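Quick notes on the structure that follows.
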Amino acid sequence: MKPWVCFLFIAAGGNAVYHVGQKTLAATTNPMVILMGAYGFAFLLSAAAAPFFQGAANVPGTAQVFNWPVAALGAGAFLIEIGFLFLYRSGGSLQWSGIAVNGLAALMLIPVAILVYRETFSVARLLGILLTLAGLALIMRK
């Protein structure tokens with residue numbers, strides 16, 4: 001099996017656990033306290049796993065943490081958490097919310113992928129976009 005397939009399943013499994021956790025949070029709890037607890041737990045898991053991973057030997061730890069991509073990752077994670085928390089609290093469906101959010105995010109990333117990262121665009125990808133839009137329209141129907 002190719003390594004990326006393994007990572008795909010790890011990410012999918014984590015995503016499933018994440019959504020079940022988000023959907024089952026008590027609606028009466030403070031969302032900011034929930035985020036502090038969730039990220040505190042993620043910090044502990046990361047600290048425990050850090051010795052098993054290597055970074056660049058000549059890059060100090062502070063340089064790895066205090067930069068704009070890490071800040072963007074943190075801000076994005078915060079927005080994802082808050083978005084799903086309130087989406088589920090307002091009655092969002094466990095079965096379609098993740099698909100809808102990921103489909104919309106993929107569509108938002110198309111201009112970035114083309115303009116910033118110089119990724120290619122093709123007719124096949126255009127058809128994929130149209131299918132994504134059609135799928136979102138079908139999924140979001142009540």
Side-chain angles (χ1 to χ4, degrees), residues 1-57 59 61-142:
M1 178 177 359
K2 295 185 180 191
W4 66 267
V5 174
C6 179
F7 298 136
L8 179 73
F9 277 96
I10 289 171
N15 202 330
V17 169
Y18 165 87
H19 284 283
V20 170
Q22 275 277 26
K23 184 72 172 171
T24 57
L25 288 169
T28 57
T29 55
N30 182 326
M32 297 308 129
V33 173
I34 289 170
L35 284 179
M36 288 187 289
Y39 280 92
F41 190 69
F43 176 85
L44 293 175
L45 290 173
S46 298
F52 301 103
F53 295 87
Q54 291 184 347
V59 179
T62 54
Q64 294 179 47
V65 174
F66 297 111
N67 55 57
W68 79 264
V70 173
L73 181 63
F78 176 80
L79 293 171
I80 291 167
E81 300 290 354
I82 291 301
F84 274 112
L85 194 141
F86 289 118
L87 176 65
Y88 287 137
R89 282 188 178 183
S90 65
S93 167
L94 185 62
Q95 79 179 320
W96 69 258
S97 295
I99 294 169
V101 168
N102 284 323
L104 286 170
L107 292 172
M108 292 172 158
L109 287 171
I110 291 168
V112 175
I114 293 169
L115 298 173
V116 177
Y117 294 100
R118 305 284 185 231
E119 293 182 9
T120 60
F121 195 74
S122 65
V123 173
R125 290 190 174 153
L126 176 62
L127 292 173
I129 291 167
L130 296 173
L131 286 171
T132 300
L133 289 170
L136 286 171
L138 290 171
I139 287 170
M140 294 172 62
R141 287 180 55 184
K142 290 263 178 174

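Worth saying up front: this structure is predicted, and the values here are computed from it rather than measured.
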Checklist outcome for this item: Distance col, row L25:CG vs F84:CZ, nearest 0.5 angstrom, shows 13.0 Å
Checklist entry - Do the side chain of R118 and the main chain of A113 share a donor and acceptor less than 3.5 angstrom apart? => result no
Item to check | Interatomic spacing from CE in M36 to CG in N30 - rounded to 0.5 Å | outcome: 6.5 Å
Next on the checklist: Donor-acceptor pair, distance only, cut-off 3.5 Å: does the side chain of T29 make one with the backbone of A26?
Outcome noted: yes
Item to check | Close side-chain approach of L107 and L136, heavy atoms under 4.5 Å | outcome: yes
Checklist entry - Which heavy-atom pair separates S93 from Y88 by the least distance, and what is that distance? => result O-CE2, 3.7 Å
Checklist entry - What are the two closest non-hydrogen atoms of P51 and A47, and how far apart are they? => result CD-O, 3.5 Å
Next on the checklist: Please check this pair: side chain of Q22 against backbone of E81, looking for a donor-acceptor N/O pair closer than 3.5 Å.
Outcome noted: yes
Item to check | CZ/F121: more than 12 non-hydrogen atoms of other groups inside 6.0 Å | outcome: yes
Checklist entry - When you measure from the side chain of K23 to the backbone N and O of G92, does any donor-acceptor pair fall under 3.5 Å? => result yes
Checklist entry - Got a second to check how far L87's CG is from I80's CD1, nearest 0.5 Å? => result 12.5 Å
Next on the checklist: Are more than 12 heavy atoms, taken from residues, nucleotides or ligands other than M32, located less than 6.0 Å from that residue's CE atom?
Outcome noted: yes
Item to check | OG1-CD1 distance between T132 and I99, expressed to the nearest 0.5 angstrom | outcome: 11.5 Å
Checklist entry - Yes or no on side chain to side chain contact (heavy atoms under 4.5 Å, CB included) for V70 and N67, after CA distance, side-chain angles and deciding distance? => result CA-CA 6 Å; V70 173; N67 55 57; 3.2 Å; yes
Item to check | Nearest heavy atoms of I82 and P31, plus distance in Å | outcome: CD1-CB, 4.3 Å
Next on the checklist: With a 6.0 Å cut-off on the ring centroids, do F78 and Y39 count as close?
Outcome noted: no
Checklist entry - Any donor-acceptor pair under 3.5 Å linking the side chain of N102 with the backbone of G98? => result yes
